[in-house]
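To start, the structure under review is shown below, and the notes come after it.
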Amino acid sequence: EVQLVESGGGLVQPRGSLRLSCVVSGFTFSNYAMSWVRQAPGKGLEWVSATWSGGGRTSYANSVKGRFTISRDNAKNTLYLQMNSLEAEDTGVYYCAKDRGTNPDYGMEYWGNGTLVTVSS
C-alpha cells in the first residue's frame with residue numbers, strides 16, 4: 001500500500017524558513033518522480049514543485065521559484081521541501097505526491113494527508 005507521510009509544518013513568521021519532509025513506503029521510491037502541492041484556505045490545489053526520480057532535475061511554480069528547493073534522499077525514501085523567504089501567501093496545507101512515472105509529465109496519482117504551514121506575524 002502506498003503511504004506518504006508529511007511532517008515539518010507549523011507557524012512561521014514572514015521572511016522565515018521551514019523544511020518539510022515526506023517519508024514514503026509501499027513503492028520503489030527511486031523509480032518515481034515526486035511532487036509537492038498545496039492548498040491555501042478556501043482555494044483549490046496548486047502545484048508547487050516536482051523532482052525527477054533521480055533527483056537531478058527539478059521544476060517549480062513561478063510563485064515559489066527562487067525561494068523553495070525540492071530535494072530527495074532515495075536511500076531514505078524521503079522527499080524534502082526547503083522553504084525560504086516565506087510569505088503570507090504561502091500559507092496552506094502542503095501535500096507530497098507520488099507521480100505516475102520517472103518524470104512528472106504524466107501527473108500525480110497519490111497524496112499524503114498533508115502538513116499545515118501558517119505564515120503569520
Side-chain angles (χ1 to χ4, degrees):
E1 181 181 1
V2 172
Q3 297 287 332
L4 308 168
V5 182
E6 302 94 338
S7 63
L11 177 64
V12 62
Q13 293 185 336
R15 303 177 65 183
S17 297
L18 210 59
R19 190 193 197 198
L20 307 182
S21 298
C22 174
V23 179
V24 316
S25 60
F27 64 97
T28 304
F29 183 59
S30 61
N31 286 350
Y32 291 91
M34 296 289 294
S35 297
W36 287 97
V37 297
R38 66 186 182 186
Q39 187 170 31
K43 297 184 178 180
L45 289 170
E46 177 191 16
W47 174 81
V48 174
S49 184
T51 175
W52 276 242
S53 60
R57 186 176 179 183
T58 58
S59 185
Y60 300 90
N62 288 334
S63 58
V64 306
K65 191 173 298 182
R67 300 188 297 118
F68 290 12
T69 303
I70 189 171
S71 62
R72 64 194 295 161
D73 187 337
N74 284 348
K76 296 182 178 180
N77 284 7
T78 303
L79 177 74
Y80 303 98
L81 185 67
Q82 178 66 47
M83 305 184 294
N84 299 328
S85 301
L86 285 162
E87 305 166 350
E89 292 76 16
D90 296 315
T91 293
V93 178
Y94 284 69
Y95 304 89
C96 67
K98 173 189 179 294
D99 295 333
R100 291 188 170 92
T102 58
N103 67 70
D105 291 347
Y106 302 120
M108 299 161 279
E109 61 178 347
Y110 294 103
W111 298 260
N113 289 326
T115 184
L116 177 63
V117 173
T118 303
V119 184
S120 177
S121 58

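Count residues from 1 along the sequence.
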(request) Look at D105 together with R100 and state whether they make a salt bridge at an N to O cut-off of under 4.0 Å. (result) no

(message) With side-chain contact (heavy atoms from CB on, under 4.5 Å) as the criterion, how do R15 and E87 come out once you've worked through the C-alpha distance, each side chain's angles and the decisive distance to 0.1 Å?
(response) CA-CA 6 Å; R15 303 177 65 183; E87 305 166 350; over 6 Å; no

(request) Taking the side chain as every heavy atom from C-beta outward, state whether P104 and W47 have any atom pair closer than 4.5 Å. (result) no

(message) Test of understanding: clusters of I, L, V, M, F, W, Y form through side-chain heavy atoms closer than 4.5 Å, transitively. Do W111 and F27 belong to the same one?
(response) no

(message) If hydrophobic clusters are built by linking Ile, Leu, Val, Met, Phe, Trp and Tyr wherever their side-chain heavy atoms come under 4.5 Å apart, do Y32 and Y106 end up in the same one?
(response) no

(message) Any side-chain to backbone donor/acceptor pair from S21 onto S7? Under 3.5 Å, distance only.
(response) no

(request) Please examine the side chains of W36 and T51, heavy atoms only from C-beta on, and report whether any two atoms are closer than 4.5 Å. (result) no

(message) What I want to check is whether the side chains of D73 and T78 have a donor and an acceptor closer together than 3.5 Å.
(response) no

(request) Could you verify whether a donor N or O on one side chain and an acceptor N or O on the other, from E46 and S63, lie under 3.5 Å apart? (result) yes

(request) Could you pull out the closest heavy-atom pair between G114 and E6, with the gap in Å? (result) N-OE1, 2.8 Å

(request) Identify the residue among V93, T115, V64 that makes a side chain to side chain contact (heavy atoms under 4.5 Å, CB included) with R38. (result) V64

(message) So, applying side chain to side chain contact (heavy atoms under 4.5 Å, CB included) with L18, which one of V117, T118, V119 is it?
(response) V117

(message) Does atom CG (N31) have a neighbourhood of more than 12 heavy atoms from anything else shown, all under 6.0 Å?
(response) yes

(message) Y60 vs T69, test: side-chain contact (heavy atoms from CB on, under 4.5 Å). Steps then yes/no.
(response) CA-CA 8 Å; Y60 300 90; T69 303; 3.8 Å; yes

(request) With rounding to the nearest 0.5 Å, note down the distance linking CD in Q3 to CG in N77. (result) 12.5 Å

(message) Test of understanding: clusters of I, L, V, M, F, W, Y form through side-chain heavy atoms closer than 4.5 Å, transitively. Do I70 and L4 belong to the same one?
(response) yes

(request) Flag the pair F68 / S85 as yes when at least one side-chain heavy-atom distance between them is below 4.5 Å, and no otherwise. (result) no

(request) Check the pair D99 / S35 against side-chain hydrogen bond (donor to acceptor under 3.5 Å, both in side chains), numbers first and verdict last. (result) CA-CA 7 Å; D99 295 333; S35 297; 2.9 Å; yes

(request) Please round to the nearest 0.5 Å and tell me the distance separating atom CG of L11 and atom CG of L116. (result) 9.0 Å

(request) Using a 4.5 Å cut-off on heavy atoms from C-beta on, say whether the side chain of Y94 contacts that of L81. (result) yes

(request) Consider only side-chain heavy atoms of I, L, V, M, F, W and Y, link residues closer than 4.5 Å, and tell whether V24 and V48 are in one cluster. (result) yes

(request) Kindly work out whether a path of hydrophobic side-chain contacts (I/L/V/M/F/W/Y, heavy atoms less than 4.5 Å apart) joins M34 to V5. (result) no

(request) Could you tell me whether the side chain of M83 reaches within less than 4.5 Å of the side chain of V12, counting heavy atoms only? (result) no

(request) Hey, could you give me the CG/CD distance between L45 and Q39, rounded to the nearest 0.5 Å? (result) 4.5 Å

(request) Kindly confirm or rule out a cation-pi arrangement of K98 over Y110, judged by NZ or CZ under 6.0 Å from the six-membered ring centre and within 45° of its axis? (result) no

(request) Taking all non-hydrogen atoms of both residues into account, name the closest pair between C96 and L79 and its distance. (result) CB-CD2, 3.9 Å

(request) Flag the pair S17 / Q82 as yes when at least one side-chain heavy-atom distance between them is below 4.5 Å, and no otherwise. (result) yes

(request) Please confirm whether R72 makes a cation-pi placement over Y80, using NZ or CZ under 6.0 Å from the six-membered ring centre and within 45° of the ring normal. (result) no

(request) Check whether any side-chain heavy atom of L20 lies under 4.5 Å from a side-chain heavy atom of C22, and answer yes or no. (result) no

(message) I want to check something: taking the side chain as every heavy atom from C-beta on, are S59 and W52 in contact at a cut-off of under 4.5 Å?
(response) yes

